[in-house]
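In what follows, chains are A, B, ... by sequence order, proteins preceding strands, each numbered from 1.
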Number of protein chains: 2
Amino acid sequence: MSTITNIRQAVPDRDDLAEDGGSSIYERLRDDIIHGRVKANERLKVAELASRMGTSTNPVREALQQLRGEGFVIMTPNRGARVRPIDEEFVRDICEIEVLIEPALTRWFVGIVTKSDIEELERLQEEIEALNFGDEMKHSNLDLQFHRLMYDRHYNRHAVDLWVRHRHILWAISRGFPTSLSRQANVLEEHRELIACIRNQDVEGAARAIGRHVEGSGRHIIERMRLDKRHG
Amino acid sequence: MSTITNIRQAVPDRDDLAEDGGSSIYERLRDDIIHGRVKANERLKVAELASRMGTSTNPVREALQQLRGEGFVIMTPNRGARVRPIDEEFVRDICEIEVLIEPALTRWFVGIVTKSDIEELERLQEEIEALNFGDEMKHSNLDLQFHRLMYDRHYNRHAVDLWVRHRHILWAISRGFPTSLSRQANVLEEHRELIACIRNQDVEGAARAIGRHVEGSGRHIIERMRLDKRHG
DNA sequence: GATTGACAAATAATGTACGATCTGAAAGTT
DNA sequence: AACTTTCAGATCGTACATTATTTGTCAATC
């Protein structure tokens, strides 16, 4: 019978050294969906996934339920789970929402920012520029710290959670993709302009800057997805 | 195209008499959390819930995982699930997000609206005014149809899903709460103005109208929550 | 005598196994 | 050809085993 061939196999021989390795069933499944290793609308059979993951069915079922809650799989009673397609539209949809949310978060930040906050932003930005996209992981971490400094203290926890989740998804999608030189330059420029607006207490300017930042990021990811799809 | 009435369990069954029958574990748990029948940060023990629901532990675990995915419970490894507090802040947070999203959806709708759409909106509005908040359930359904007509065809399915979920939560919270006369008048007025702006192709006016609509709705719910808390 | 630390028992979460029930589709019947 | 029956495959629910955490007790130390 035809089976899902693209899902990551359970680690065959290296047992117990890396324990779970931090990758739970949930994370592996989510990663497979986000990276398109399982086709859109493909059926996810619990028994099959369980044997593939090397566990029994129960953990798989619970992981699927969690993914259902997050909207990554669609479940119908007595008929199991299907993959929700993670395509360019999905990225576009997320980014469009962020284009609405992040400027709002940023406006608030401009209103409560302190001198030391700005200094910290500048310090992070210097680190980012010094690194110059040399290490994808480090850059991602610095960039996360940069934006987290702006959003973490916001009173609307729900909005911030949404941002965190969206960022997580986008990061998972774009991990491994190279960043074009053009996009690199734009990222640095957008960050610098953002800092300048914040320092000048230019609320609307900061909002516009972050809006462009999000939009550019989304466009870049979509372009990379297209290239990736074409060249395998 | 197949029927759009794909609403899961849209039938509001009010039979609380049968302990095991009727609604699913998931819905009962979610309802308990949203309505504050379980205290904030209270620990949710699977065995206890299972015996209370009259089932074994597995369905409860899966329901909890789904709720975790939706953000209603917080789970920590080997330490179980805790209730996420559903309070006034939560409502405010949701409404603030909707104040950002719904105007964007509305702007798009103004751009694609047809004559028959406007006629349908007006027909629904007439029904709403004729009903005049006589039946909470019917009003809620009509209001849902009203806004669904505007949003359902939007290309950003993710944003629409978010709206649906938020609306669902707010509806569950405010169910049973009476609507003040003042709020009733405002709702009708806001709908009328919204329709007028749409007919006149006044994009920004429509966006402002829906923004006020959402904001007023949120404020009303929060006020009712305060009253409810005070008087038991 | 009160506090702290270790150790044991209880409690609860997590994982495994299996039977019951439902679905989908291919067989067989009119 | 349409309807019914049958059956394999998958989901869903129950029971149990395992593992981790919390709690309670008691002795040792300050």
Side-chain angles (χ1 to χ4, degrees), chain A residues 1-12 14-30 32-33 38-39 41-69 72-84, chain B residues 2 6 8-9 18-30 32-33 38-39 41-84:
Chain A
M1 110 179 259
S2 92
T3 56
I4 306 170
T5 53
N6 290 327
I7 296 183
R8 276 194 287 167
Q9 300 278 337
V11 198
R14 314 163 18 89
D15 24 328
D16 294 340
L17 176 57
E19 45 183 296
D20 245 1
S23 67
S24 59
I25 310 268
Y26 158 77
E27 283 174 354
R28 290 168 68 184
L29 267 175
R30 199 186 67 140
D32 286 336
I33 294 174
V38 285
K39 278 177 296 186
N41 289 72
E42 175 149 338
R43 189 163 173 191
L44 295 172
K45 305 176 189 177
V46 254
E48 189 179 325
L49 293 175
S51 74
R52 219 170 270 277
M53 301 284 185
T55 70
S56 65
T57 62
N58 229 349
V60 175
R61 291 200 290 194
E62 294 183 9
L64 284 177
Q65 290 291 347
Q66 190 182 348
L67 291 167
R68 165 192 185 168
F72 288 112
V73 307
I74 298 168
M75 300 186 73
T76 45
N78 290 323
R79 270 192 236 176
R82 288 183 175 282
V83 179
R84 174 156 190 171
Chain B
S2 62
N6 198 13
R8 50 184 170 176
Q9 196 134 354
E19 294 214 339
D20 53 323
S23 48
S24 65
I25 311 266
Y26 158 76
E27 284 175 356
R28 289 169 70 184
L29 267 177
R30 198 185 68 138
D32 285 340
I33 293 173
V38 284
K39 279 177 293 187
N41 287 70
E42 174 156 331
R43 191 163 172 192
L44 294 172
K45 305 177 188 175
V46 253
E48 184 182 326
L49 293 173
S51 73
R52 195 198 304 268
M53 302 282 184
T55 70
S56 64
T57 63
N58 232 348
V60 175
R61 290 199 280 185
E62 294 183 8
L64 284 177
Q65 290 292 347
Q66 189 181 349
L67 290 167
R68 164 190 184 168
E70 292 176 351
F72 288 111
V73 306
I74 298 168
M75 299 185 72
T76 45
N78 291 322
R79 272 192 221 179
R82 292 180 116 69
V83 179
R84 174 155 191 171

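Spacing between atom CG of A:Leu44 and atom P of D:dT11 amounts to 9 Å, rounded to whole angstrom units. Taking atom NZ of residue A:Lys45 and atom C1' of nucleotide D:dA8, one finds them 12 Å apart after rounding to whole Å. The separation between A:Glu42 atom CD and D:dA10 atom P is 13 Å, rounded to whole Å. Rounded to an integer number of Å, the gap from B:Gln65 CD to D:dC12 P is 15 Å. Here C:dT14 presents its P atom at 13 Å from CG of B:Leu49, a figure rounded to the nearest Å.
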Atom pairs, protein N/O to nucleotides 13-16 of chain D N/O, distance under 3.5 Å:
residue: D:dG13; atom: N7; partner: A:Arg61; partner atom: NH1; Å: 3.3
residue: D:dG13; atom: O6; partner: A:Arg61; partner atom: NH2; Å: 3.3
residue: D:dT14; atom: OP2; partner: B:Ser56; partner atom: N; Å: 2.7
residue: D:dT14; atom: OP2; partner: B:Ser56; partner atom: OG; Å: 2.9
residue: D:dT14; atom: O4; partner: B:Asn58; partner atom: ND2; Å: 3.1

Atom pairs under 3.5 Å: protein N/O with N/O of nucleotides 20-22 of chain D:
residue: D:dA20; atom: O3'; partner: B:Asn78; partner atom: ND2; Å: 3.4
residue: D:dT22; atom: OP1; partner: B:Arg79; partner atom: NE; Å: 3.2

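When all heavy atoms of B:Leu44 and B:Leu64 are compared, the closest pair comes out as CD1-CD2, 3.9 Å. B:Ile33 approaches B:Arg84 most closely through the heavy-atom pair CG2-O, 4.0 Å. Residue B:Gln65 comes nearest to A:Gln65 through the heavy atom pair CB-CB, 4.0 Å, listed as atom of the first residue, atom of the second, then distance. Taking every heavy atom of both residues into account, B:Ala81 and B:Met75 meet most closely at CB-CG, 3.7 Å. Between A:Pro59 and A:Ile25, the shortest heavy-atom distance links the atoms CB-CG1, 4.3 Å.
Residues B:Arg68 and A:Tyr26 form no side-chain contact, since every pair of their non-hydrogen atoms from C-beta on lies 4.5 Å or further apart. Side-chain contact between B:Met53 and B:Leu29 is present, with heavy atoms from C-beta onward closer than 4.5 Å.
Partners of B:Arg61 under the salt bridge (charged side-chain N to carboxylate O under 4.0 Å, His left out) rule, at least two apart in sequence or in another chain, are A:Glu62.
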